[in-house]
Colleague: 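The structure's right below; bear with me while I get my questions together.
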Amino acid sequence: MIAFVSGPVAALAPTTAVIEVGGIGMAVQCTPGTLAGLRIGLDARLATSLVVREDSLTLYGFADDDERQVFELLQTASGVGPRLAQAMLATHSPDALRTAVATGDEKALTAVSGIGKKGAQKLLLELKDRLGDPVGARIGQQGVGTPVSSSWRDQLQAALIGLGYATREADEAVTAVTPQAEAAIAGGGQAPVPQLLRAALQTLNRAR
């Protein structure tokens with residue numbers, strides 16, 4: 001198993017990062033929040049999980065070991081493959097998923113593209129004793145790299161559309177979190193795209 005990859009970021013795409021490891025470019029499938037913490041040319045360290053299929057080898061990357069562990073535990077539930085597990089982590093942090101399962105929060109799971117009401121109910125039952133209790137708030141995107149300073153609006157909209165939302169919905173969600181982004185910038189920092197993405201997804205969930 002490839003537990004992690006570490007090296008300069010060679011390329012970024014809407015769902016993939018290429019990390020140069022010993023002169024070889026490793027293509028790693030990542031959530032929008034993880035990708036938002038990467039910058040081409042800078043070193044990054046991603047926890048990884050290798051998914052082996054008859055016709056493919058796919059490497060999934062995560063901001064830290066906790067995300068990877070939850071990614072793998074989610075797939076122990078029937079009907080959850082790597083893509084759906086990754087979509088769940090794109091929508092919710094590991095602790096948010098633990099909390100949702102522990103409290104039976106069906107609405108939180110249906111906020112994930114591809115999970116309906118019946119699917120959420122089934123997942124709540126299957127995952128109840130598997131994810132464990134929340135471990136506390138995560139501190140930033142540990143181990144990823146320097147946050148991207150290019151247009152946060154473009155990053156956020158591309159991430160939402162990549163998660164299956166319509167352009168109109170993405171535009172409305174970006175508008176809803178704009179005050180939060182502007183407050184961060186006014187304070188001398190950068191717009192925290194991973195946090196903004198989660199806030200935007202919560203907005204879309206409430207609108208349903």
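Just so it is clear, the structure is predicted and the values come from calculations on it, not from any experiment. Position 1 is the first residue of the sequence, and the numbers go up from there.
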Colleague: If I compare all heavy atoms of Val70 with all of Pro94, which pair ends up nearest, and what's the gap?
Modeller: CG2-CB, 3.7 Å

Colleague: Considering only heavy atoms from C-beta outward, does the side chain of Glu172 approach that of Val174 to under 4.5 Å?
Modeller: no

Colleague: Any side-chain to backbone donor/acceptor pair from Ser56 onto Arg53? Under 3.5 Å, distance only.
Modeller: no

Colleague: Could you see if Val28 belongs to whatever hydrophobic cluster contains Ile40? Use Ile, Leu, Val, Met, Phe, Trp, Tyr and a side-chain cutoff under 4.5 Å.
Modeller: yes

Colleague: To check you understand the geometry: which heavy-atom pair defines the closest contact between Ala200 and Val177, and what is its length?
Modeller: N-CG1, 3.6 Å

Colleague: Do the numbers put Arg68 on top of the ring of Tyr60, so that NZ or CZ is under 6.0 Å from the six-membered ring centre and no more than 45° off the axis?
Modeller: no

Colleague: Using the rule that two of Ile, Leu, Val, Met, Phe, Trp, Tyr join whenever any of their side-chain heavy atoms come within less than 4.5 Å, decide whether Val5 and Val18 are in one cluster.
Modeller: no

Colleague: Does the side chain of Arg130 come under 3.5 Å of the side chain of Thr76 through a donor N or O and an acceptor N or O?
Modeller: yes

Colleague: Report yes or no: does Glu67 contribute a side-chain atom to a donor-acceptor pair with the main-chain N or O of Ala63 at less than 3.5 Å?
Modeller: yes

Colleague: Please lay out, stage by stage, how Gln29 and Gln86 fare under the test side chain to side chain donor-acceptor pair (under 3.5 Å).
Modeller: CA-CA 9 Å; Gln29 298 288 317; Gln86 189 179 52; 5.5 Å; no

Colleague: Measure across Leu196 and Ala181 and return the closest heavy-atom pair with its distance rounded to 0.1 Å.
Modeller: CD1-CB, 3.7 Å

Colleague: What closest approach, in Å, do Ala77 and Leu123 show between heavy atoms, and which atom pair accounts for it?
Modeller: CB-CD2, 3.8 Å

Colleague: Just by distance, no angles: are the side chains of Thr31 and Thr34 close enough, under 3.5 Å, to form a donor-acceptor pair?
Modeller: yes

Colleague: Do NZ/NE/NH1/NH2 and the carboxylate oxygens of Arg98 and Asp95 come within less than 4.0 Å?
Modeller: yes

